[in-house]
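Working notes, beginning with the structure itself.
To find a chain, count down the sequence lines: A is the first, B the second, and so on, and within it residues start at 1.
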2 protein chains.
Amino acid sequence: MKNFTVTIKDVASLANVSTATVSLALSGDPRVNVKTKKLVEEAALKLNYIPNEIGRSLRAKKTETISFIIPNTSHHVFTHPYFAQLLEGINEVLDNHNYNLMLSTSPSEKDESAAYNKILKNRRTDGIILSSASIHDRNILRMVESGFPVVYLGKWHHDNVLTVERDDIGGAYTATEHLIRIGRRRIVHITGPLDHQEGIDRLEGYKKALLDNKIHYDEALIIEKDFSRESGYEAAAELMRKQIDYDAVFAGNDLMAIGALKFYKENKISVPGDVSVVGFDDIEMATVVSPMLTTIHQPMREIGYKAAEKLIAFLNNQEVKEKRTIMSTHLIIRESCGADMP
Amino acid sequence: MKNFTVTIKDVASLANVSTATVSLALSGDPRVNVKTKKLVEEAALKLNYIPNEIGRSLRAKKTETISFIIPNTSHHVFTHPYFAQLLEGINEVLDNHNYNLMLSTSPSEKDESAAYNKILKNRRTDGIILSSASIHDRNILRMVESGFPVVYLGKWHHDNVLTVERDDIGGAYTATEHLIRIGRRRIVHITGPLDHQEGIDRLEGYKKALLDNKIHYDEALIIEKDFSRESGYEAAAELMRKQIDYDAVFAGNDLMAIGALKFYKENKISVPGDVSVVGFDDIEMATVVSPMLTTIHQPMREIGYKAAEKLIAFLNNQEVKEKRTIMSTHLIIRESCGADMP
DNA sequence: TTGAAAGCGCTAACAC
DNA sequence: GTGTTAGCGCTTTCAA
């Protein structure tokens, strides 16, 4: 390291003023004389002075940093296709407000006291954006209840928690309804894990659409999987093995839909000829498979953006009008259903 | 916020010892009496005391945080397919060593003095992992030259910089050679931006393979694009428009290869019948397109892992034996070339 | 308009 | 073994 750290003292002595004056001058306090201010600025420039944020933080009890915490339950946390978009939205807001972004995987239940506390209380961060996970994750509950400013990405019934939610029920309803509208009746639903809110809600939307259209809900058409591509493939295989009779599948996410598509291709089952399929998420991959996947679009970038905005507003004591923000989804029709029109 | 911050003082007074003793006891210093230690620990537990990292950092001049900086040149920085895997590798190491991860997009050239300095010098971070970008990016140069500990992901000819590099030249060579081996002779290369090192190196590998196999290098077969899927599609369209005669394409990355594949499908050009295509990266998407893409695998997760390990070793004054680490790539044969064997 | 001084929470010399 | 003290770099009363 060739350059010594230059502190506020160095600037002060070069400018022949006190450190207090330097601090004031550099923060643009109107009280300080224009001449002095110029003097200080020149000194700072000359020394290439950059205020040490650590010192500032200690004093101000603010870090200008927020943490984005994602569950570490799955092996491929970061690889989750919408993670990147979420991050993009968050990053954009933070950049605009000169906040820093810290990224953590949430601690596993095991080492709670250590890792969990570290993230939560060490005060290197002003607030948290928490992405959703299992509804049984106790750590999340505790983070939320600690009083630490939290924006939760998903449903959370708690007074002092801000949320940004997708309309999972509505999206699933739309997806299912679309299949019904194009004439499908035996609609399989490959669900995500049913201890995840998304899994639960999408199943609910599916049921609701069936009900409203007077189609019998058949347990045999429900397969619980884990949102992975492999599990989607496996689901399709299972359906064949069990000789289930069906004409459509609504997959809980695109990855599973794409997995199923692969099985169909390998087994010469025509999509959408023999079976129509709809996914959920609208990840990029959905546009490169063939047939291209009809799916429910969810605005992940906007969700990240919104979440960051709410958190920063809250941290700056601005009134956050809507505690819950619900982002709507919409149907993207491509090729996997065999209908050209909505 | 319902809980007041509990500091080392609170613990000290509850345990009836000095703050120094608390500090020592909690850090497991062998000098402190076992009894006292237990006393302190109980007090800390009772008060739910978590050391404030800011105070610690200020004193120790270490933050136990490293920054991962990615270029903001492209709109979709985070969406870059291998970004997630890189992050996964980095995160794993940091978790193991109890380091925090800060994520930044590198400042654009415009606001250098502000954003750039902030990242570089505010000392909220102990070291940096810098991902590659344009070879003309001056900010990167300055970060590297500042003396700040940096691990650069890519080639960098500089004494005090650690690097983790892909073998781009070798990978491109292998890809091209594969096409030659299966009998292709008129091989198009869709390059990435030629002011990016990857773009340059992959072109070099391509040329070298041609040379070694005594195939004439034809400028007309080189198209410079920008690594995006759209640009790959555009490249294929361009080739048709210009009525270029060719029987294979080596794309500078998978995204462009997949874009080209799309064009071929739309225009009923058979792959691999009419043209063989090879990509580079081995992103997940390469396995869901049809035909599945033959490509060069690069171990992004391992690169991230290695980079983080090197940085942490360096920060802890361990000797880093290899300044340059070169990660090798290998060919993954799938369906887009029409050869079943390597 | 500027400076002196206190103190944010912590650790590390040094004393005892 | 444990306590006293100083000080990391900064901001912010309070006085001058």
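In this structure, the side-chain contact (heavy atoms from CB on, under 4.5 Å) partners of A:T65, at least two apart in sequence or on a different chain, are A:T63, A:N100, A:M102, A:T125, B:R124. Remark: B:K61 engages no residue in a salt bridge (Lys or Arg N to Asp or Glu O under 4.0 Å) (not counting sequence neighbours).
From the 5' end on, the contacts that DNA chain C makes with chain A at under 4.0 Å to a non-hydrogen atom open and close at C:dT1 to C:dG9.
Here the straight-line distance linking atom CG of B:N91 with atom CZ of B:R301 works out to 10.0 Å at 0.5 Å rounding. For the atom pair A:I70 CD1 and A:S131 OG, the distance stands at 6.0 Å (nearest 0.5 Å).
Under the 3.5 Å distance criterion, the side-chain polar atoms of B:D126 are matched with a main-chain donor or acceptor of B:E64. The main-chain N or O of B:E92 is never found under 3.5 Å from a side-chain atom of B:D95 such that the two would form a donor-acceptor pair. Checked by atom type and distance alone, the side chain of B:K155 never pairs as donor or acceptor with a backbone atom of B:E165 at under 3.5 Å. B:S67 places no side-chain N or O within 3.5 Å of a backbone atom of B:I69 that could act as its donor or acceptor partner.
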Donor-acceptor list for residues 33-44 of chain B side chains, cut-off 3.5 Å, not counting sequence neighbours:
from: B:N33; atom 1: OD1; to: B:K35; atom 2: N; distance (Å): 2.6

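Using five terminal pairs a side, the axes of the helix from C:dT1-D:dA16 to C:dC16-D:dG1 at its two ends make an angle of 40°, given in steps of 10 degrees.
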ask   = What string of B, S and - do you get for nucleotides 9-16 of chain D, 5' to 3', if B is base contact, S is sugar-phosphate-only contact and - is no contact with any protein heavy atom under 4.0 Å?
value = BBBB----
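Checking B:I128, B:V151, B:L94 one by one against B:I66, the side chain to side chain contact (heavy atoms under 4.5 Å, CB included) holds for a single residue, B:L94.
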